[in-house]
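Since we're looking at a predicted model, the values are computed, not measured. The figures that follow rest on heavy atoms only: side chains count, while hydrogens, waters and symmetry mates do not.
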Amino acid sequence: GTEYIARVWSCLEDERYAKHGALWGRIRYMLTPMAITDLVAIMPFFIILAGLDQFVDLRFLRIMRLRRAFKLNRYSPAMDSVFGVLRDEFRTLGAIGFIFALVIVMSASTIYTLEGKTNEAFHSIPAAMQWALASLTPGGGMEARPETMMGRVFGAVISIAGVLLVAMITGVMASGFTYSRIKRSDAFKRSCEIQIEKNDGELTEQARKLLDFERRQLGFTAQDAQHLLNQVLQKSYEHDTAKLSTLRNSEDVKDFG
C-alpha cells in the first residue's frame, strides 16, 4: 500500500502527468493499466485490514503484480529485442495461430467421425480436440489413440501437419530476430560513421564512450561492437593504405569502451 501511494504521489515527476496539474495528473496516472493492476494487487491488504477476509479471500489477486515483470524490457536490451520481434511479427504469428486453431477444429471433427462410434476416447468433439492439440504439438503425451486404420493414418497426417506448423512459427521468429539484429547493427554502424566523421577519421576517448553507451543500449557485447566498429573503420580507411594496414595488423577484438 505504501508503495502504491508513493507511486501516485511521485507520478508528477513524469511530464505526461505533470502537465495536467497535481490533481488530474495523479488521477490520470491512477487510471493507467499498470496503476490499476497495482491497486487490484493490494486490495487483499485492505480487505484484511477491514476484517472482511472471513467473507471474501482475494489474496490470489497479488499474483497480478507479476505483470510488472514484463517491464523488464525497459532495462534489458535482450528482453526489448524479444518483445520487439513479437510486436513486429504479431500479424504473421496471429495468422499462423488462426490456422492452428482451424486445423485443431477440423482434426477433432474428422477423428470424431472416424473413431467416435468405436473408441470411447473420442466420444465427443471436445474430447477429440485434446487429442488433436496433443498430436499437433511436439510434446504429445495423450493416452487416447486411434484404433481404426483410417484413424491411425489420419493421426500420422496430423502429426506431420503439426511439425510443419511448428516449423513455420520457428521460421518466422528466426527471421524476425535476424532482421532485428541487422537493424541494430546498421544503427550502430551509422553511429560509428557519425563519430568518425566528427573526429576527422579518428575516435576520441569521448566518442568511444558514447559508442560504448549505445552498444549497451542496443544489446551488443564488447566483442561484437568492436567487430562492427572495425568494419566501419576499414571502409573509411580504404583510401589510406597506412591506416588500413595498421588496422588489419591490430587485434581484432579490443576492450571496447
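Placement of Trp24 and Leu31 within a single hydrophobic cluster is found when ILVMFWY residues are connected by side-chain heavy-atom separations under 4.5 Å, directly or transitively. In the hydrophobic cluster analysis, where Ile, Leu, Val, Met, Phe, Trp and Tyr join through side-chain heavy atoms closer than 4.5 angstrom, Met129 is grouped together with Phe100. Linking ILVMFWY side-chain heavy atoms closer than 4.5 Å, directly or via other members, places Ile169 and Phe177 in a single hydrophobic cluster. A continuous path of ILVMFWY side-chain contacts below 4.5 Å connects Ile104 to Ile99, so both sit in one hydrophobic cluster. Each of Val166 and Val172 belongs to its own hydrophobic cluster when Ile, Leu, Val, Met, Phe, Trp and Tyr are linked at side-chain heavy-atom distances under 4.5 angstrom.
Arg208 CZ to Cys192 SG: the interatomic distance, rounded to the nearest 0.5 Å, is 9.0 Å. Here the NZ-CG distance, from Lys209 to Leu211, works out to 13.0 Å after rounding to the nearest 0.5 Å. Here the CD1 atom belonging to Ile158 is positioned 7.0 Å from the OG1 atom belonging to Thr110, to the nearest 0.5 angstrom. Atoms CD and CG, on Gln217 and Asp212 in that order, are 10.5 Å from each other to the nearest 0.5 Å. Once rounded to the nearest 0.5 Å, the distance linking CG of Leu114 with CE of Met150 reads 6.0 Å. From Leu218, atom CG reaches atom OG of Ser180 across 9.5 Å, with rounding to the nearest 0.5 Å.
Nearest heavy atoms, Glu89 versus Gly176: OE2-CA, 3.8 Å. Summarising the geometry of Ala121 relative to Ala127, their closest heavy-atom pair is O-CB, 3.8 Å, with the distance given to 0.1 Å. Across all non-hydrogen atoms, the minimal contact from Arg215 to Ala225 is CB-CB, 3.9 Å. Taking each heavy atom of Gly25 and Cys11 in turn, the nearest pair found is O-SG, 4.2 Å. Between Ser107 and Ala132, the shortest heavy-atom contact is CB-CB, 3.8 Å. Taking every heavy atom of both residues into account, Leu12 and Gly21 meet most closely at CD2-O, 3.8 Å.
Using a 4.5 Å cut-off on side-chain heavy atoms (C-beta onward), Leu86 and Met173 make contact. Taking 4.5 Å as the limit, every side-chain heavy atom of Trp131 sits out of range of all side-chain heavy atoms of Arg145.
In this structure, Met149 belongs to a hydrophobic cluster whose other members, linked by side-chain heavy atoms under 4.5 Å apart, are Val153.
Shown here is Lys183, whose NZ atom has more than 12 heavy atoms of other residues, nucleotides or ligands within 6.0 Å.
A salt bridge (Lys or Arg N to Asp or Glu O under 4.0 Å) check over residues 116-133, counting only residues at least two apart or in different chains, returns nothing.
The side chain to side chain donor-acceptor pair (under 3.5 Å) test applied to Asp14 returns Arg16, not counting sequence neighbours. Remark: Ser109 engages Val105, Ile125 in a side-chain contact (heavy atoms from CB on, under 4.5 Å) (not counting sequence neighbours). Remark: Asp186 engages no residue in a salt bridge (charged side-chain N to carboxylate O under 4.0 Å, His left out) (not counting sequence neighbours). Residues satisfying the salt bridge (charged side-chain N to carboxylate O under 4.0 Å, His left out) test with Arg190, not counting sequence neighbours, are Glu193. Judged as a side chain to side chain donor-acceptor pair (under 3.5 Å), and not counting sequence neighbours, the contacts of Lys189 are Gln231. With sequence neighbours excluded, no residue forms a ring pair (Phe, Tyr, Trp, His ring centres under 6.0 Å) with Phe154. His123 meets the side chain to side chain donor-acceptor pair (under 3.5 Å) test with no other residue; sequence neighbours excluded. Applying the side chain to side chain donor-acceptor pair (under 3.5 Å) rule to Thr32 yields no partners; only residues at least two apart in sequence or on another chain are considered. Legend: residues meeting salt bridge (charged side-chain N to carboxylate O under 4.0 Å, His left out) with Arg181, ordered by chain and number and at least two apart, are Asp224. Applying the side-chain contact (heavy atoms from CB on, under 4.5 Å) test to Glu147 and every residue at least two apart in sequence or in another chain returns Glu115, Asn119.
Judged by the 6.0 Å and 45° rule, Arg184 forms a cation-pi pair with Phe220.
Distance alone, capped at 3.5 Å, is enough to place a donor-acceptor pair between the Arg26 side chain and the Ala22 backbone.
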